[in-house]
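As the structure lists them, so they are numbered: ligands from 1, and atoms in each ligand from 1.
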Amino acid sequence: MHVVLVDNGRSNILESEEHRQILQCIRCGACMNTCPVYRRSGGHSYTYVIPGPIGVSLGMMHNPTFEYNNVSACSLCLSCDSVCPAKVAPGSQIYIWRQSLSQIGKADPLKREMSVGMDVLFEHPDLYQAALRMAPLANLVPESMTHFTRLNPWGIGHTKPEFAKKSFHQLWKEGKVDGMKHKKK
Ligand code: SF4
């Protein structure tokens, strides 16, 4: 009798403290069926053979420098975390992978710079509020200058969304949010 043990990278996954819970996966597919990205884009849009949230993690364990783009497809809604019967938390796993993109040299430089800018804004509420008040000015700039540029591949095939005249925060303070009874004194 011959016994053939196929490791298929499982030992590597077991070695990883952050990702070893992937091994709990029973391949039920619940994370795919609930994933808003998978439901709209289908399995062929992923580069790894197993699609959906769990496939993103398995792909990263297999070949991170090739499969890294799948990590950025996730919206991090974490719906998969709530439905997974095996407590794999595939969405949280993707969040960990996303934080490691810099280490493997695959973080988008533009997104990194934007994150630094957002960090500054969130650390300074006055600056953040001023930016919100000025945001509707962007509606006056032609789409060709802001929306359809090489910096925004998403713009192709999408109309430019308009900034609201008032932010939710302003409306909230004025007590004008639908269904909300509260009014700031
Ligand atoms: S829901 Fe959980 S157990 Fe099911 S395929 Fe996804 S990660 Fe695996």
Metal check, atom 4 (Fe) of ligand 1 vs C28 N/O/S, cut-off below 2.8 Å: yes
Any N, O or S atom of C31 closer than 2.8 Å to atom 6 (Fe) of ligand 1: yes
Crowding at NE2, H158 (>12 non-hydrogen neighbours, <6.0 Å): yes
Whether over 12 other heavy atoms sit under 6.0 Å from R112 CZ: no
Which residue and heavy atom of the protein sit nearest atom 3 (S) of ligand 1, plus the separation: I26 N, 3.5 Å
Taking atom 8 (Fe) of ligand 1 as the reference point, the nearest protein heavy atom with its distance: C25 SG, 2.4 Å
Sub-4.0 Å heavy-atom approach of V83 to ligand 1: no
E67 vs H62, side chain to side chain donor-acceptor pair (under 3.5 Å): CA-CA, chis, key distance, verdict: CA-CA 8 Å; E67 311 287 357; H62 180 67; 5.6 Å; no
Residue that, paired with I94, satisfies side chain to side chain contact (heavy atoms under 4.5 Å, CB included) out of S72, C80, P53: P53
Which of the ligand 1 atoms, numbered from 1, are nearer than 4.0 Å to a heavy atom of G29: 4 (Fe), 5 (S)
Under 4.0 Å to a heavy atom of C84 - the qualifying atoms of ligand 1, by number: 1 (S), 2 (Fe), 3 (S), 7 (S)
Ligand 1-proximal atoms of Q24, by part, heavy-atom distance under 4.0 Å: neither
Verify same cluster id: I54, L14 (apolar side-chain graph, 4.5 Å): yes
Derivation of the side chain to side chain donor-acceptor pair (under 3.5 Å) call for D81 and S79: CA-CA 5 Å; D81 279 19; S79 177; over 6 Å; no
